[in-house]
> 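First the structure, then my questions, so here it is.
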Amino acid sequence: MARSKSSLTQVLLSWYSQNGRQLPWRKTKDPYAIWISEIMLQQTRAEVVIPYYERFLQAFPTVQALAQAPLDTVLRLWEGLGYYSRARNLHRAAKQIVRHGGTFPRDAKEWKELPGIGPYTAAALAAIVNGQDAIALDANLLRVGARLFGERGIVTSPVVRKRIERRFLELLPPGKAGTFNQALMDLGATVCLPRNPRCEACPLRRFCVAQATGQQEKIPVRARRRVRPHKQFIAAVLQDERGRLLLVRQADRGIWGGLWTLPYVEARSWREARPKLEAITGTRMKRTAGRSPYSITHTFTHFTATYTAIPAIPTTRVRHGRWVRPEQPNLAVPVPHRKLLQAFSRGGFGAIPHARTPSNP
DNA sequence: AAGGCGGGGAA
DNA sequence: TTCCCAGCCTT
């Protein structure tokens, strides 16, 4: 057992030195830059993160620069990346770090005290930045570990997570936690894939219980997925005399917290939506004659949504929100609303088909 | 322990 | 279409 353990680790590290991914945040030892990367990488694949990471570090090269920036500027650079509480927590944490003289945490326990840093990120940063022996148990390590150790329980359950972490901890080469964790991540991302794992290319093949028993497609075992509900939303496209559209800022919590959207509510008809939209914008409004609504659907993790944008005109002074040019709002706008703005700026949804006016859009 | 929270890429 | 990703926070 002792022999296979050390040889497993050696094979893994050797494979990593030849086949590891070249990622921008692996070229630096700056705790600030690595911290930014880890937050962006939460629930987000590395390829998606790369351009965001580059732009973000260019805009905010230091933790001081980030701490001094307005939240709206930070959210602008996060636009499209999702899970926007990450950006709000990042901004809060930057202020905390600067208040502590700009010194970064020295171990996992200190990292975890910052907002937006949970068990995984604390372990990853402790290992990569501080060289501390820790297991950064992300989805990759969970999947690799479940297959490698032949774990038959539901992988997301606390018991199974603990079991896999303990097994990896036994294999961890002291002082090399950063490399060890990232080697396992890369193995999960490029070889030990969720579907159709490339076992023929796996350096750990001869150590893998799932491979030996032919169960690599059945492991990891996941909890049953719930059905995804469908929700309908109505958005008002209020236009001023200069052709600008009204956006409102979402509160700093909940979906799209801190971002700017068309005024919208969950509703199935204009009749139902209008009073609520009037409350949000602080104005009375009526539908624009001759303009048709425009709908898009968007799938979230927990529900599917249809957003119907309805052109309308304010009939009293508008008290809330900000007028923006739809082709360049210069504010952080979530993807579905950005699509609505783009569709409108490319022709304003067109005219209502004269044969049949949708009464219940 | 469970649910809310984005968006995109791959099969 | 469905799955799932370098998870965290609140309840």
Side-chain angles (χ1 to χ4, degrees), chain A residues 20-21 23-26 34-53 75 78-90 92-93 111-129 134-144 154-159 161 178 180-190 192-198 217 220 222-231 250-259 261 296-305 307 332-339:
Chain A
R21 294 174 290 178
L23 299 168
W25 45 89
R26 288 182 178 168
I34 297 172
W35 167 50
I36 301 296
S37 78
E38 283 301 339
I39 303 298
M40 288 186 170
L41 286 162
Q42 289 169 4
Q43 291 287 286
T44 312
R45 279 185 313 284
E47 315 86 76
V48 179
V49 164
I50 292 172
Y52 282 92
Y53 172 83
L75 287 170
W78 209 271
E79 182 185 49
L81 201 50
Y83 288 116
Y84 298 95
S85 64
R86 291 184 296 173
R88 299 196 304 273
N89 285 332
L90 193 68
R92 273 206 297 150
W111 279 111
K112 193 154 177 346
E113 288 169 12
L114 292 171
I117 296 186
Y120 160 75
T121 307
L125 289 170
I128 297 169
V129 173
I135 298 300
L137 200 64
D138 73 341
N140 286 308
L141 270 75
L142 221 46
R143 184 176 58 255
V144 171
I154 293 174
V155 284
T156 48
S157 73
V159 184
R161 296 176 62 96
F180 182 71
N181 281 301
Q182 296 185 77
L184 287 169
M185 289 175 194
D186 282 22
L187 190 67
T190 64
C192 196
L193 305 169
R195 279 177 295 187
N196 307 320
R198 304 169 47 222
E217 301 277 3
R222 300 198 171 275
R224 261 181 63 78
R225 195 175 56 80
R226 294 180 302 280
V227 292
R228 197 170 10 225
H230 190 117
K231 300 185 181 184
Q250 300 296 312
D252 276 329
R253 54 180 322 167
I255 190 169
W256 298 327
L259 273 71
T261 66
I296 61 166
T297 66
H298 187 80
T299 303
F300 295 88
T301 306
H302 297 290
F303 63 95
T304 302
Y307 294 91
V333 178
V335 167
H337 285 257
R338 213 161 60 205
K339 287 180 179 165

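Protein chains get the first letters and strands the later ones, always in sequence-line order, with residue 1 at the start of each.
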> Mind checking if A/I39 touches a base, just sugar-phosphate, or nothing, with heavy atoms under 4.0 Å?
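No contact.
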> Please identify each residue that fulfils side chain to side chain donor-acceptor pair (under 3.5 Å) with A/H230, with sequence neighbours left out.
A/T306
> Which whole-number value in Å describes the distance from A/W35 CH2 to C/dC8 P?
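After rounding, the gap between these two atoms is 14 Å.
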> With a 4.0 Å limit, can you tell me whether A/H298 has a side-chain N or O closer than that to the phosphate oxygens OP1/OP2 of B/dG7?
yes
> Specify the separation, in whole Å, of atom OH of A/Y120 and atom C1' of C/dC8.
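About 13 Å, once rounded to whole Å.
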> Between atom OH in A/Y83 and atom P in B/dG6, what is the gap in whole Å?
7 Å
> On the 0 to 90° scale, with breaks at 30° and 60°, tag the A/Y53-A/W25 ring pair as parallel, tilted or perpendicular.
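A/Y53 vs A/W25 ring planes: perpendicular.
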> So what does A/P336 hit on the nucleic acid, given a heavy-atom distance under 4.0 Å: a base, only sugar-phosphate, or nothing?
sugar-phosphate
> Using the side-chain heavy atoms of A/V48, tell me which of these nucleotides is nearest: C/dC9, B/dG7, B/dG9.
B/dG9
> Whether the A/Q182 and A/R26 side chains hold a donor-acceptor pair (N or O, under 3.5 Å, no angle test) is what I'd like checked.
yes
> In whole angstrom, what separates A/I154's CD1 from B/dA1's P?
12 Å
> Extract from the structure each pairing of a protein N or O with an N or O of nucleotides 2-4 of chain C at less than 3.5 Å, listing the distance.
from	atom 1	to	atom 2	distance (Å)
C/dC3	OP2	A/R225	NE	2.4
C/dC3	OP2	A/R225	NH2	2.8

> Establish whether the base of B/dG8 is bridged to the side chain of A/T44 by a donor-acceptor pair shorter than 3.5 Å.
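When only heavy-atom distances are counted, A/T44 does not reach the base of B/dG8 through any donor-acceptor pair under 3.5 Å.
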> Could you identify which residues of residues 250-258 of chain A place a heavy atom less than 4.0 Å from some atom of DNA chain B, listed by residue number, or say none?
A/G254, A/I255, A/W256
> Given atom CZ of A/F303 and atom C1' of B/dG6, what is their separation to the nearest angstrom?
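Rounding to the nearest Å, CZ of A/F303 and C1' of B/dG6 are 10 Å apart.
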> Taking atom P of B/dG4 as reference, at what distance in whole Å does atom CD of A/Q43 sit?
15 Å
> When the P atoms of C/dC8 and B/dG8 are compared, how many Å lie between them, rounded to an integer?
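Each nucleotide's P atom is 22 Å from the other's.
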> Contact class for A/W25 (heavy atom, under 4.0 Å): base, sugar-phosphate, or nothing?
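Base, at least one base heavy atom under 4.0 Å.
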> In whole angstrom, give the distance that lies between atom CG of A/L90 and atom P of B/dC5.
21 Å
> Answer with yes or no after comparing the ring centroid distance for A/Y307 and A/H298 against a 6.0 Å cut-off, counting only values under it.
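Here the rings of A/H298 and A/Y307 have centres that are no less than 6.0 Å from each other.
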> Heavy atoms only, 4.0 Å cut-off, all strands: where does A/I117 land among base, sugar-phosphate and nothing?
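The answer is sugar-phosphate, as A/I117 gets under 4.0 Å only of primed atoms, P, OP1 or OP2.
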> Whole angstroms only, please: what is the NZ-P distance between A/K231 and B/dG3?
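Computing the A/K231:NZ to B/dG3:P distance gives 13 Å.
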> Does A/T121 reach a base, just sugar-phosphate, or nothing at all? Heavy atoms under 4.0 Å.
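Counting heavy atoms under 4.0 Å across all strands, the contact made by A/T121 is with sugar-phosphate only.
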> Judged by each residue's nearest nucleotide on DNA chain B, which is more toward the 5′ side, A/E47 or A/R86?
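Checking each residue's closest nucleotide, the 5'-ward one belongs to A/R86.
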> For a quick test of reading the model, state the closest non-hydrogen atom pair linking A/W256 to A/F300 and the distance between them.
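Minimum heavy-atom contact is CZ2-CZ, 3.5 Å.
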> For the side chain of A/V335, counting heavy atoms from C-beta on, which of B/dG7, C/dC8, B/dG6 is nearest?
B/dG7
> Do A/I128 and A/N181 make a side-chain contact, defined as non-hydrogen atoms from C-beta onward lying under 4.5 Å apart?
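Side-chain contact under 4.5 Å: no.
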> Just checking A/N196: base, sugar-phosphate only, or nothing, at a heavy-atom cut-off of under 4.0 Å?
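Result for A/N196 = sugar-phosphate.
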